[in-house]
Amino acid sequence: MAEAIVSSVLEQLISISSEEVRLVVGVKKEVKKLTNNLKAIQGVLVDAEQKQLKEAQVGAWLDQLKDTSYDMEDVLDEWKIARMKLQMDKAENGLVIPKKKKALISKLCESNEQQEGPHVISIVGMGGIGKTTLAQLAYNDDEVKKVFDKIIWVCVSDPFDEFRIAKAIIEAFERSNPNLGQFQSLLEQINASILRKKFLLVLDDVWTEDHNKWEPFKNCLKNGLHGSKILVTTRKETVAKMMNSVDIINIKELSYNECRLLFKKLAFSGRSPLECEKLEEIGRKVVHKCKGLPLAAKAIGSLLCFKKNKEEWQSILDSELWKLEEFEKGICPPLLLSYNDLPSKIKSCFSYCAVFVKDSIIDKDELIKLWMAEGYLVAEGNKEMEIVGDGYFDYLATRSFFQEFNTDSNGNVYSCKMHDIVHDLAQFVSRNECASIEICDPDSSLTSTSFDKVRHSTLVLKRDTSFPVSIFSAQKLRSLFIHVWSGRCQGKVFDSLTCLRALSISGSLSFLEISKGIEKLIHLRYLCLHYRNIKELPEACCGLYNLQTLDIRECYELKTLPERVHKLVNLRHLLLEIYQLHYMPKGIERLTGLRSLAEFVVSGDGQYGGKACNIGSLKHLNHLRGSLQIRGLGNVIDVEEARKAELEKKKNLSSLTLLFTPTRESEIEVDNEAIIEALTPTPKLEELEILSYRGKMLPNWLMSLTNLKNLSLKDCHNCESVPFLGKFPFLECIFISLMESVKRVGYEFLGIKSDHVTSSSSSSPVIAFPKLKFLNFSNRHEWEEWDFGITSSGKEDIIIMPHLNHLRITDCPKLKALPDHLLQSTTLKTISIIRCPILEEDGNFFRRKHFRE
């Protein structure tokens, strides 16, 4: 990791050497001196970082080098800021689990009517053996769901936080956040919640062997109905016995053959039979070293998949890392080998993940922004830092450092988790530079915690706990994530921790003073403020010239941005979801590096005394990507100003929302049709939403958006016809609501000419809506007729919605019937007809609907 840091600093020094630095006195001489020193350091660090895994005596020297390189990076930042100020005022368990699943489900479904209190079942297995996976299979099993009135999942982890666990149980039962400050009150609430209920409570990843911590829960859970169960997953059989488990299911290691199958699936992927034959003998020896651990087989298999020849495989087999004593402490040699094989910059990205609390969900985009803030990402050719970070994430994912991926409708990963053994490895290789600390006891403190070596820290403050002043001694801290359940977060953070590059504060806060001191965080690249009570951001924030990411999505009471926000010249991501925001400040068009701007608010002309910019300010923000919502389009009266926004040049936008609701009433009549026509977006757009539009005709450019996947038209009262959407090749979801002027939907909706509809033959079938899966019409109170007008002789020539899965029609009281094509569909999985009285009286329709369901 140190070699990566030094490389990053060296790159910056070389860059500075080539730039104009005359304005800062003495800089050139100091830069040259530091560059020479760093080159000497870099020459020995690669070997040293290998040795740190085997020789303890190297550690102190390596730590000193890291400290020096960090200090150098801080000095570099100060120079850069000085320059800116002068110039102007960021499948492994599939082999073992099926054998245990049937037995576990049988035990869960047993009645046990004679037993007093809930029946405790424990699943015991060391890390990576799938105890959590087995519990999840049971948790989601339909047979199990039929047995219990309520099924609750609570991730326990270490330490055993009684208050958090009790609160999580209540939230699962009551679906609300308990406003209780005492542990005994929470236990009483649990007792009341489980009365007359047969429940299954899953306590995942229990570590504590302290019976006193378990006893209060055991007593308050006795009053559920007979047959209630508690399912525990743990690495320790002593924990299972402490909890008086009636049944203990031990998940042993994989057999050699099972482990070999998992390994071969990854390591031999894409190889010819001849290559596999040459590598088979080494592969067998590697599998023996995995000791039956699925995660080990998966990690080493993923690593060897990228090794091309026999010599590289032999090198991995002969590695001294297999002999590490740390293996007995839970550090997995195959994972360590995989880590050791990573490029130096990606090593830094991986070890940084130790800052996250175990078992937490990691947001991919946030992680990449944090890597960027720490200087781990450098643009490569035409690849921006964010794209490089995306590649690093994929690199780590393919080598099994991440798991439990969540994906969007397009299959793109947006979050993941780290296995707890992988998290242990991250902490091991980061040499305790990362610390996750939970303060559960109001009387606890961190006076015994040393922050001398900590560079990245997560601090979780539970209810009624005070902010630990001892953290202010961590003068070299570079990342700080503060999660506050309730209480105060001291503004002294800004005075003491001036080396911070990433700061995130979230939770239920009663107070945070940020108006004083924040300008001292001159190195800050990432600032995330997620709490409701902020009413304004101080102008001092605009002095954070290095800032790349400003995330204020949950500051719901914020109504304005600082007037001098345009000074944040390095800002790449301005993340807003603030529906109270009145306007965008003048000068925002100068933030030409912006990649993310979720919301742009257009105010009325002259409404805020000249402080607000107009829609034409979007012109220069051509690097925007992802989603953009333009709110307040009802205020736009100048068509030319709308055209100046040049939305068609924002090639990386994938989603656009046009909201025409004005921010205030105006006597000037706005030509919505002319305004929307002037807002021609990029033809690459995949999602479009138009809301509160008052024009009669939809824009002509709509038909050019051939890449559209999702289309929403809401509150477009005056539109006289639905758009001709049937020929859009990728359209998967349509939502149309409050389009009151449309009384009939006919063949034009299919995008097919009328002569084709009525003809008796065609050279080839026409497919309307070839990929449509979701179709939703709602609140169309004047809609009477839906008929494609297709004659029986023409039915074979036209295929309509061949992949439609879900149809929903709500509040369409005058609609008389559905088209025959929909009634005869064999692909529909769900049909919802709500508050449509004529359709609901159609018995023939309901017979067909129920038959399909």
Side-chain angles (χ1 to χ4, degrees), residues 1-6 8-9 49 52 56 58-74 77 157-159 331 347-358 360 362 367 370-371 373-376 418 420 422-440 444-462 465-484 489-490 492-506 520-528:
M1 183 177 179
E3 190 267 332
I5 296 166
V6 171
S8 175
V9 177
E49 191 148 43
Q52 71 156 324
V58 180
W61 177 71
L62 189 59
D63 287 344
Q64 186 176 357
L65 285 175
K66 285 185 179 180
D67 289 343
T68 302
S69 62
Y70 279 133
D71 291 341
M72 288 176 178
E73 199 169 7
D74 287 345
D77 247 16
S157 296
D158 189 31
I331 302 300
K347 283 182 180 178
S348 300
C349 293
F350 167 71
S351 60
Y352 183 84
C353 295
V355 74
F356 297 108
V357 176
K358 270 190 178 182
S360 60
I362 300 173
L367 178 61
L370 290 169
W371 286 344
E374 293 300 328
Y376 302 152
M418 291 180 72
D420 51 3
V422 178
H423 191 278
D424 291 343
L425 173 65
Q427 288 214 302
F428 175 72
V429 298
S430 66
R431 298 183 61 81
N432 298 316
E433 287 191 356
C434 300
S436 298
I437 304 164
E438 292 189 6
I439 303 179
C440 308
S444 68
S445 68
L446 297 181
T447 53
S448 61
T449 303
S450 172
F451 286 100
D452 292 345
K453 302 297 182 185
V454 176
R455 299 288 180 169
H456 314 288
S457 181
T458 294
L459 189 61
V460 181
L461 305 179
K462 301 299 183 175
T465 54
S466 58
F467 196 88
V469 295
S470 54
I471 200 171
F472 298 135
S473 65
Q475 303 269 317
K476 299 295 185 180
L477 205 62
R478 296 165 68 93
S479 304
L480 178 60
F481 306 96
I482 305 172
H483 304 282
V484 185
C489 177
Q490 295 189 14
K492 191 179 176 183
V493 168
F494 309 123
D495 293 324
S496 303
L497 307 180
T498 55
C499 289
L500 284 176
R501 278 159 169 71
L503 174 63
S504 175
I505 307 176
S506 64
K520 296 178 182 178
L521 305 184
I522 59 174
H523 305 289
L524 205 63
R525 267 87 167 163
Y526 177 95
L527 177 60
C528 175

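Just so you know, these numbers use all the heavy atoms, side chains as well, and skip hydrogens, waters and symmetry mates.
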For this session: Take Ile505 and Cys528 through the side chain to side chain contact (heavy atoms under 4.5 Å, CB included) test and state the conclusion after the steps.
Result: CA-CA 6 Å; Ile505 307 176; Cys528 175; over 6 Å; no

For this session: Could you go through the side-chain hydrogen bond (donor to acceptor under 3.5 Å, both in side chains) check for Ser348 and Glu374 one step at a time?
Result: CA-CA 9 Å; Ser348 300; Glu374 293 300 328; over 6 Å; no

For this session: Using the side chain to side chain contact (heavy atoms under 4.5 Å, CB included) rule, take Met418 and Phe350 through it: C-alpha gap first, then chi angles, then the decisive distance, then the call.
Result: CA-CA 10 Å; Met418 291 180 72; Phe350 167 71; 3.6 Å; yes

For this session: For side chain to side chain contact (heavy atoms under 4.5 Å, CB included), just list the numbers for Leu524 and Ile522, CA-CA rounded to whole Å, side-chain angles, deciding distance to a tenth of an Å, and then say yes or no.
Result: CA-CA 6 Å; Leu524 205 63; Ile522 59 174; over 6 Å; no

For this session: Carefully, step by step, assess Leu477 and Val454 under the rule side chain to side chain contact (heavy atoms under 4.5 Å, CB included).
Result: CA-CA 6 Å; Leu477 205 62; Val454 176; 3.6 Å; yes

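Of all heavy-atom pairs spanning Ser351 and Cys434, the tightest one is O-SG, 3.8 Å.
Remark: Ser504 OG to Leu459 CG distance equals 11.5 Å, nearest 0.5 Å. Note: Phe481 CZ to Tyr526 OH = 6.5 Å, rounded to the nearest 0.5 Å. Summarising the geometry, atom CZ belonging to Arg525 is positioned 11.5 Å from atom OG belonging to Ser479; distances are rounded to the nearest 0.5 Å. Taken from NE2 in His423 to CZ in Phe356, the straight-line distance is 9.0 Å, to the nearest 0.5 Å. We find the CG-OG1 distance between Leu521 and Thr498 to be 7.5 Å, quoted to the nearest 0.5 Å. With rounding to the nearest 0.5 Å, the separation of NE2 in His456 from CG in Leu500 is 10.5 Å.
Looking at heavy atoms from C-beta onward, Thr458 lies out of side-chain contact with Ile437 at the 4.5 angstrom threshold. Annotation: side chain of Lys476 is not in contact with side chain of Leu497 (no heavy-atom distance under 4.5 Å).
Although no hydrogens or angles enter the test, the distance criterion places a donor-acceptor pair under 3.5 Å between the side chain of Ser436 and the main chain of Val355. Of the possible polar contacts, none joining the Trp371 side chain to the Tyr376 backbone as a donor-acceptor pair under 3.5 Å is found.
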